[in-house]
Amino acid sequence: MKGKKISIDAYNAIYQFLAAIRQPDGTPLVDSKGRVTSHLSGLFYRTVNLLEEGVTPIYVFDGKPPEMKRGELERRRQVKEEAKLKYEKAKERGDVQSQRKYAAASAYLTDEMVRQSKELLKAMGVPHVQAPAEGEAEAAHIHIQGKSWAVGSQDYDSLLFGAERLIRNLTVTGRRKLPNKEVYVEIKPEILELSNMLRELGITREQLIDVALLVGTDYDPEGVRGFGPKRAYSLVKKYGSLEAAARAGELDLSDLGVDLRELRDAFLNPRVEDVEGELNLGEVDRESVLRLLVEEHDFNEERVASALSRMERAMSELKGSSKQSGLDKWF
DNA sequence: CGCACCGA
DNA sequence: TCGGTGCGG
């Protein structure tokens with residue numbers, strides 16, 4: 001992926017840092033004032049690594065969530081509250097493993113953390129974009145407009161939003177990951193290409209959206225009871241659309257939690273904005289990065305300085321190369 | 001999650 | 001150079 005730009009769902013990435021960068025008992029990294037810094041550590045070091053590998057990340061931040069997502073966001077809030085209670089209980093009985101698990105599950109990103117993250121990226125000269133609504137949709141839009149080579153996310157939504165190329169597990173270290181236990185597994189980056197997927201499946205993007213709606217999406221998480229990936233795909237493949245399946249008596253559209261037309265529209269016509277010009281690397285503001293990380297949040301100066309040096313070298317090479325221009329469309 | 005360090 | 005470990009903030 002050298003010389004490529006990847007539009008990354010920032011919330012998705014930062015949230016994962018926040019959940020994962022913790023001590024075995026679930027304590028996150030904090031500065032001397034007790035403020036959480038896990039997200040800054042993850043964002044900083046991973047971004048430096050990506051730049052060193054010649055990948056330019058474009059971080060896309062969420063805006064106002066669509067009204068339809070309200071229920072799901074409320075549900076997630078409740079799950080987090082329960083996780084918080086489970087964390088307290090695990091702490092009482094000194095169950096360190098459960099502590100970590102529930103601390104990760106109850107992690108939440110504050111507005112302050114989002115502001116800090118944007119400030120850090122700005123100081124690093126790394127482009128970021130504010131989405132009007134869903135970050136995932138805007139990241140896909142930037143890609144579709146030819147301003148990034150792919151979308152980077154752990155979620156599959158961008159494919160439904162029409163992104164041609166999705167990168168999952170975008171890390172440099174080829175890092176290990178724990179499913180639930182203390183078992184670490186090798187995780188490799190994964191490239192998914194929409195047109196290849198659709199060709200192999202023999203369906204259109206509209207039909208893939210129908211499959212997703214049966215299985216469940218952020219806007220209607222339950223989907224239709226009884227439908228997982230296999231049955232959903234078979235049904236759509238056989239009848240062509242959810243309406244046709246309903247007419248054949250194989251499906252009751254009122255089993256969807258939300259109106260079908262509205263659900264489809266969320267993926268086919270998401271609220272996105274064009275971005276002006278190219279999304280390129282800017283200048284590294286060494287002073288600001290040091291002030292933010294070292295002075296304000298007690299990062300180790302030598303570590304930050306050495307990462308900054310690696311980054312500056314990488315960025316000058318990247319900006320010098322011609323691969324950076326807007327020609328990196330997928331065609 | 002990623003860095004630094006260590007021993008093989 | 002690689003995998004394991006412990007700490008980072």
Side-chain angles (χ1 to χ4, degrees), chain A residues 1 6 8-57 59 83 87 96-97 99-110 112-117 119-121 123-124 126 128 152-155 167-190 284 286 288-315:
Chain A
M1 300 179 202
I6 316 268
I8 295 176
D9 179 355
Y11 189 96
N12 188 284
I14 296 171
Y15 175 76
Q16 277 162 21
F17 294 135
L18 191 63
I21 303 181
R22 286 166 188 273
Q23 291 176 347
D25 68 353
T27 315
L29 304 186
V30 290
D31 63 20
S32 57
K33 290 181 178 158
R35 294 172 298 190
V36 174
T37 57
S38 295
H39 58 299
L40 294 175
S41 179
L43 185 61
F44 179 62
Y45 290 114
R46 180 177 291 176
T47 300
V48 170
N49 282 334
L50 289 174
L51 291 169
E52 255 196 314
E53 289 300 316
V55 173
T56 301
Y59 289 96
Y87 167 74
V96 172
Q97 293 215 353
Q99 276 184 60
R100 198 199 144 104
K101 177 170 151 187
Y102 293 122
S106 55
Y108 60 94
L109 210 55
T110 64
E112 173 73 14
M113 292 175 184
V114 170
R115 276 198 296 277
Q116 292 167 343
S117 300
E119 200 183 339
L120 175 61
L121 291 172
M124 294 173 81
V126 171
H128 70 269
S153 176
Q154 289 305 99
D155 295 349
I167 317 283
R168 303 186 69 241
N169 304 324
L170 179 64
T171 68
V172 176
T173 53
R175 153 212 104 255
R176 298 91 61 191
K177 203 170 102 180
L178 66 174
N180 207 315
K181 309 201 171 58
E182 287 301 293
V183 187
Y184 285 70
V185 190
E186 275 288 322
I187 296 291
K188 286 184 181 165
E190 195 175 280
V284 184
R286 222 186 151 92
S288 296
V289 174
L290 285 168
R291 183 177 45 73
L292 205 79
L293 296 181
V294 179
E295 283 174 43
E296 286 203 38
H297 296 294
D298 308 305
F299 278 56
N300 180 292
E301 180 164 11
E302 282 183 17
R303 284 192 180 199
V304 173
S306 113
L308 274 172
S309 301
R310 286 194 286 136
M311 184 175 128
E312 281 165 342
R313 180 155 24 86
M315 283 173 80

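Residue numbers start from 1 in every chain, and the chains themselves are labelled A, B, ... in the order their sequence lines are given, proteins ahead of strands.
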Just list the side-chain donor-acceptor pairs under 3.5 Å for residues 19-28 of chain A, sequence neighbours left out, or say none.
| from | atom 1 | to | atom 2 | distance (Å) |
| --- | --- | --- | --- | --- |
| Arg22(A) | NE | Leu18(A) | O | 3.0 |
| Arg22(A) | NE | Ala19(A) | O | 3.2 |
| Arg22(A) | NH1 | Gly26(A) | O | 2.7 |
| Arg22(A) | NH2 | Leu18(A) | O | 3.1 |
| Asp25(A) | OD1 | Thr27(A) | N | 3.0 |
| Asp25(A) | OD1 | Thr27(A) | OG1 | 2.7 |
| Asp25(A) | OD2 | Thr27(A) | OG1 | 3.2 |

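Residue pairs that meet the salt bridge (charged side-chain N to carboxylate O under 4.0 Å, His left out) test with at least one member in residues 297-307 of chain A, sequence neighbours left out, do not exist here.
Nucleotide dG2(B) holds its C1' atom 15 Å from the CG atom of Leu18(A), rounded to whole Å. Following rounding to the nearest Å, Phe17(A) (CZ) and dC3(B) (C1') show an atom-to-atom distance of 14 Å. dG9(C) atom P lies 11 Å from atom CZ of Phe44(A), rounded to whole Å. For Ile21(A) and dG9(C), the CD1 to P distance is 11 Å, given to the nearest whole Å. Put simply, CD on Glu302(A) is 16 Å from P on dC3(B), counting in whole angstrom units. If you take NZ of Lys33(A) and P of dG9(C), they are 16 Å apart, rounded to a whole angstrom. Taking atom CG on Asp25(A) and atom P on dC7(C), their separation rounds to 12 Å, with Å as the unit. For the pair Gln16(A) CD and dG2(B) P, the computed distance is 10 Å after rounding to whole Å.
Tyr87(A) pairs by the side-chain hydrogen bond (donor to acceptor under 3.5 Å, both in side chains) definition with nothing, not counting sequence neighbours. The side-chain hydrogen bond (donor to acceptor under 3.5 Å, both in side chains) search around Glu190(A) returns Arg168(A), not counting sequence neighbours. Under the rule for a side chain to side chain contact (heavy atoms under 4.5 Å, CB included), the partners of Leu120(A) that lie at least two apart in sequence or sit in another chain are Leu40(A), Leu43(A), Phe44(A), Met124(A), Val289(A), Leu292(A), Leu293(A). Residues passing the side-chain hydrogen bond (donor to acceptor under 3.5 Å, both in side chains) test with Glu295(A): none are found, sequence neighbours excluded. In terms of the side-chain hydrogen bond (donor to acceptor under 3.5 Å, both in side chains) criterion, residue partners of Tyr59(A) (sequence neighbours excluded) are, by chain and number, Thr47(A).
Nucleic acid contact for Pro28(A): base, since at least one base atom lies under 4.0 Å from a heavy atom of the residue. Arg35(A) comes within 4.0 angstrom of nothing in the nucleic acid, heavy atoms only.
For dA4(B), the OP1/OP2 oxygens have no side-chain nitrogen or oxygen of Asn300(A) closer than 4.0 Å. The side chain of Arg46(A) contributes an N or O atom lying less than 4.0 Å from OP1 or OP2 of dG2(B).
Side-chain contact between Glu53(A) and Leu50(A): absent, with no pair of heavy atoms (C-beta onward) separated by less than 4.5 Å.
Near DNA chain C, meaning a heavy atom under 4.0 Å away, there are no residues from residues 305-313 of chain A.
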What pairs of nitrogen or oxygen atoms, one from the protein and one from nucleotides 1-3 of chain C, lie under 3.5 Å apart?
none

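Contact check on Glu112(A) versus Arg35(A) returns no salt bridge, with no Lys/Arg side-chain nitrogen under 4.0 Å from an Asp/Glu carboxylate oxygen.
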